Amino acid sequence: VFSRKRLDIDTLEELEEALILADLGARTADKVLQEVNVRVKNRTIEAGDGLRDGVIDILRDIMTGAMLSAAETIAQPRPWVLMMVGVNGVGKTTTLGKLAHHFHQQGGKSLLVAADTFRAAAIEQAAIWSERAGVDVIKGQPGGDAAAVAFDAVQAACARRMDRVLIDTAGRLHTKAPLMEELKKMQRVLGRALPDAPHDIWLVLDATTGQNGLAQVRQFHESLGLTGLVLTKLDGTSKGGIVINVAQEFQLPIRYIGVGEGVDDLRPFDVAEFTAALFD
Amino acid sequence: SLSAKLDGIFSQLRGRGKLTEANIKEATREIRLALLEADVNFQVVKGFVQRVREQALGQEVMRSLTPGQQVVKIVRDELTTLMGSQHTPLTMASQPPTTFLLVGLQGSGKTTSAAKLARKLQDMGRRPLLVAADVYRPAAMEQLRLLGEQIQTPVVVRQGSRDPVDICRQAFEEAPQHQADAIVIDTAGRLQIDETLMQELAEIKTATNPRYTFLVVDAMTGQEAVNVATAFNQAVSIEGVILTKLDGDARGGAALSIQAVVGKPIQFVGVGEKLDALEAFHPERMASRLLG
Ligand SMILES: Nc1nc2c(ncn2[C@@H]2O[C@H](COP(=O)(O)OP(=O)(O)OP(=O)(O)O)[C@@H](O)[C@H]2O)c(=O)[nH]1
Ligand SMILES: Nc1nc2c(ncn2[C@@H]2O[C@H](COP(=O)(O)OP(=O)(O)OP(=O)(O)O)[C@@H](O)[C@H]2O)c(=O)[nH]1
Ligand SMILES: [Mg+2]
Ligand SMILES: [Mg+2]
């Protein structure tokens with residue numbers, strides 16, 4: 001589409017298709033096309049190579065709110081408490097393992113909290129990741145109270161003067177009110193263990209997710225107040241364009257991206273790389 | 001909802017009249033938006049809207065329905081036909097065991113669905129044996145082992161093994177001890193573009209000769225559903241799809257896309273995390289869900 005010399009209706013239709021195929025959704029794609037028309041009129045976009053750069057500029061402008069992902073400048077209260085949340089199977093546990101490894105390499109003592117007391121072998125899975133990451137782990141009991149596990153872990157981290165507490169939570173669909181209440185309870189309980197905890201709550205989004213991703217962000221944000229997003233499985237063929245749709249409505253920084261199943265497959269979010277990759 | 005929008009579009013059309021190009025145009029625009037919002041594949045939507053347009057044009061306005069209801073009926077019927085026409089219940093192999101192979105992307109719900117399928121087979125009077133053939137994911141074998149325990153189904157677990165084909169072979173050797181007449185194999189999640197792992201899957205298929213290979217797909221999957229399903233189908237020829245996490249509000253357009261492009265039916269839907277949450281697929285319910 002970007003090799004076209006003229007901005008005709010065919011070119012715009014092809015551009016719309018590319019945006020929808022990247023999971024931006026029809027409405028966001030439409031907004032982008034409208035902006036393309038505006039910028040073509042005022043000559044800030046030209047056909048040919050100019051179109052590609054022009055569209056990438058538009059996308060980057062939309063993503064400005066998601067770019068506060070100077071992930072390394074996260075405020076550092078001690079211990080810093082992070083809750084990882086999201087729907088089932090998106091990559092929370094794996095991402096937390098990668099993050100623990102990343103922080104371990106940076107120095108300081110991290111504590112991984114296996115607080116998914118619901119799903120079969122979730123605690124074992126998190127424990128294996130703590131070994132890979134080289135960090136300590138606190139394991140809940142299957143069937144136990146997840147909020148209590150998180151509370152105890154933060155108290156232990158304070159006593160042991162640790163730097164970071166990384167809490168894994170069970171996957172849950174955002175439409176299930178009782179399960180969302182459970183997370184709110186964990187959030188309240190953490191505040192009692194340490195004022196201002198949890199300092200961060202990040203929602204993990206799977207890059208293969210379509211338009212439902214917006215509903216996920218909306219509901220989790222409304223319930224908890226998210227402070228960031230992580231976009232996983234970008235090593236697959238899905239472009240993760242749903243985050244552009246999300247960025248239209250929420251100013252949530254994308255902290256990291258997941259690009260594989262290994263302990264090192266974590267990268268800080270780079271908006272230039274991300275928007276350019278949409279058209280690969 | 002789409003029905004309400006379509007009613008609004010045709011509210012000017014009263015009494016006797018035809019559905020015309022002009023009023024169809026606005027309707028098809030709304031239908032297109034609704035289906036794209038539901039994650040139906042771009043090309044599939046294009047073809048679908050075209051067919052609806054052809055059916056709607058020139059139709060006499062029925063006396064029993066408003067024009068909006070009439071168009072909704074055309075859309076609903078077309079959706080149900082697309083999704084329902086190939087549904088068949090499970091049948092067992094003439095010679096036991098009947099083997100089921102579950103494949104798909106990471107996190108789609110394979111392990112959980114394998115246990116759910118085993119439980120369903122038990123309800124059907126069968127004796128399933130679960131096989132933990134995911135050698136990569138931390139605690140994957142333990143996960144299936146625990147699920148098998150929950151439904152009192154034996155599970156073949158080889159913790160030290162790095163060879164899924166060999167695990168499956170051992171499972172077939174072990175099956176008679178359990179008097180198993182069905183074997184349900186859980187495999188590791190993998191990307192359809194991972195050549196090594198797709199080759200491994202083809203080897204597992206060759207070694208196990210499953211009667212049913214099910215692609216497990218998350219209902220919230222977006223536009224790539226078609227490419228994923230096409231690639232898995234080319235690598236291991238799937239019989240059908242298990243669409244998971246339909247207990248949420250994901251519309252599940254991937255179901256329509258896969259059926260339209262790959263031509264394989266949705267065999268089951270996952271509607272929860274518990275092991276009894278696997279249901280037969282109902283095309284009319286899916287049609288309503290897609291219409292929002
Ligand atoms: N290819 C790829 N796979 C990933 C990535 N992140 C996670 N996964 C895989 O996705 C699957 C699910 O990951 P989990 O960490 O168990 O996901 P979860 O959100 O904790 O799942 P629940 O706790 O069951 O809700 C695993 O097979 C992971 O290896 C990624 O960035 N790329
Ligand atoms: N709500 C809901 N959750 C489901 C359903 N099916 C599976 N899950 C959950 O989705 C998550 C992932 O399920 P798994 O069975 O581990 O997925 P998988 O495909 O085996 O994952 P990998 O082996 O890592 O590729 C778990 O939290 C499951 O409990 C479903 O139908 N509804
Ligand atoms: Mg987890
Ligand atoms: Mg699994």
Side-chain angles (χ1 to χ4, degrees), chain A residues 16-27 29-30 87-94 97 118-129 131-132 142 170-176 179 206-216 219 232-233 235-242 260-261, chain B residues 32-43 45-46 105-112 115 136-150 188-194 217-228 231 244-245 247-254 272-273:
Chain A
E16 183 197 32
E17 179 172 1
L19 296 174
I20 291 178
L21 288 180
D23 286 320
L24 268 77
R27 292 179 209 288
D30 195 50
V87 304
N88 308 73
V90 294
K92 298 176 291 302
T93 308
T94 303
F118 173 74
R119 204 209 70 212
I123 294 164
E124 290 87 334
Q125 183 188 8
I128 292 172
W129 273 107
E131 287 171 32
R132 287 184 181 182
R172 69 205 64 220
L173 296 182
H174 52 287
T175 48
K176 305 197 170 177
L179 299 187
D206 186 328
T208 67
T209 305
Q211 300 311 299
N212 192 252
L214 187 62
Q216 293 174 26
Q219 195 54 58
T232 59
K233 308 182 196 172
D235 47 319
T237 54
S238 292
K239 302 289 185 179
I242 187 61
E261 302 187 70
Chain B
R32 177 177 180 269
L33 281 177
L35 292 179
L36 286 175
E37 184 71 14
D39 294 320
V40 180
N41 179 266
F42 187 88
Q43 288 297 343
V45 171
K46 224 173 178 185
L105 295 179
Q106 291 88 346
S108 58
K110 297 173 294 300
T111 304
T112 309
Y136 304 107
R137 169 172 155 155
M141 293 185 185
E142 178 63 6
Q143 184 185 3
L144 193 65
R145 192 192 69 74
L146 286 168
L147 294 180
E149 227 174 50
Q150 282 180 30
R190 66 201 68 216
L191 299 177
Q192 85 277 13
I193 51 170
D194 186 327
V217 178
D218 194 321
M220 62 190 193
T221 308
Q223 292 289 316
E224 277 298 299
V226 164
N227 289 335
V228 171
T244 62
K245 309 177 202 172
D247 44 319
D249 59 0
R251 305 267 289 286
E273 293 194 69

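Keep in mind that what you see is a predicted model, and the values were worked out from it rather than measured. Labels below follow one simple rule: chain letters A, B, ... track the order of the sequence lines, proteins then strands, and each chain is numbered from 1. As a basis for the values below, the full set of heavy atoms in this structure was taken, side chains included, without hydrogen atoms, waters or symmetry mates.
Side-chain contact between A/Leu173 and B/Asp247 is present, with at least one heavy-atom pair separated by less than 4.5 Å. Between A/Arg119 and B/Gln143 there is a side-chain heavy-atom pair separated by less than 4.5 Å. Within the 4.5 Å cutoff, no side-chain heavy atoms of A/Asp235 are placed close to those of B/Gln106. Side-chain contact between A/Arg27 and B/Leu33: present, with at least one pair of heavy atoms (C-beta onward) separated by less than 4.5 Å.
With chain A as the partner, the residue from B/Gly253, B/Ala250, B/Ala225 showing the most heavy-atom pairs under 4.5 Å is B/Ala250. Of the listed residues (A/Asp30, A/Ile242, A/Thr237, A/Leu21), the greatest number of heavy-atom pairs within a distance under 4.5 Å of chain B belongs to A/Thr237.
A/Gln125 and B/Glu142 form no side-chain donor-acceptor contact under 3.5 Å, judged by distance and modelled atom types alone. Side-chain contact of B/Glu224 with A/Thr208: a donor-acceptor pair under 3.5 Å is absent, judged by distance alone.
The CG atom of B/Asp218 lies 7.0 Å from the CG atom of A/Asp206; values are rounded to the nearest 0.5 Å. Summarising the geometry, atom CD belonging to A/Glu124 is positioned 14.5 Å from atom CE belonging to B/Met141; distances are rounded to the nearest 0.5 Å. One distance of note links OG1 of A/Thr209 with CE of B/Met220; it measures 3.5 Å at 0.5 Å rounding.
Using a 4.5 Å cut-off between heavy atoms, B/Glu273 touches chain A through its side chain atoms alone. Neither the backbone nor the side chain of B/Arg145 comes within less than 4.5 Å of any heavy atom of chain A. Using a 4.5 Å cut-off between heavy atoms, A/Glu17 contacts chain B through both its backbone and its side chain. If you measure heavy-atom distances from B/Leu36 to chain A, the contacts under 4.5 Å come from both the backbone and the side chain. Interface remark: B/Gln192 contributes side-chain atoms only to the contact with chain A (heavy atom separation under 4.5 Å). Contact annotation for B/Leu105: only side-chain heavy atoms (C-beta onward) come within less than 4.5 Å of a heavy atom of chain A. Looking at A/Lys239, there are no atoms closer than 4.5 Å to chain B (heavy atoms on both sides), in backbone or side chain. Heavy atoms closer than 4.5 Å to chain A are found in the side chain of B/Arg137, but not in its backbone.
Judged by distance alone, the side chain of B/Asp249 and the main-chain N or O of A/Asn212 form no donor-acceptor pair under 3.5 Å.
Between B/Ala139 and A/Ala121, the shortest heavy-atom distance links the atoms O-CB, 3.7 Å. Nearest heavy-atom pair, A/Ala120 versus B/Leu147, reported as atom, atom and distance to 0.1 Å: CB-CD2, 3.9 Å. In plain terms, the two heavy atoms of A/Asp23 and B/Gly222 that are nearest each other are OD1-CA, 3.5 Å.
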- Stepwise, does the side-chain contact (heavy atoms from CB on, under 4.5 Å) test hold for B/Lys245 with A/Val87? CA-CA 10 Å; B/Lys245 309 177 202 172; A/Val87 304; over 6 Å; no

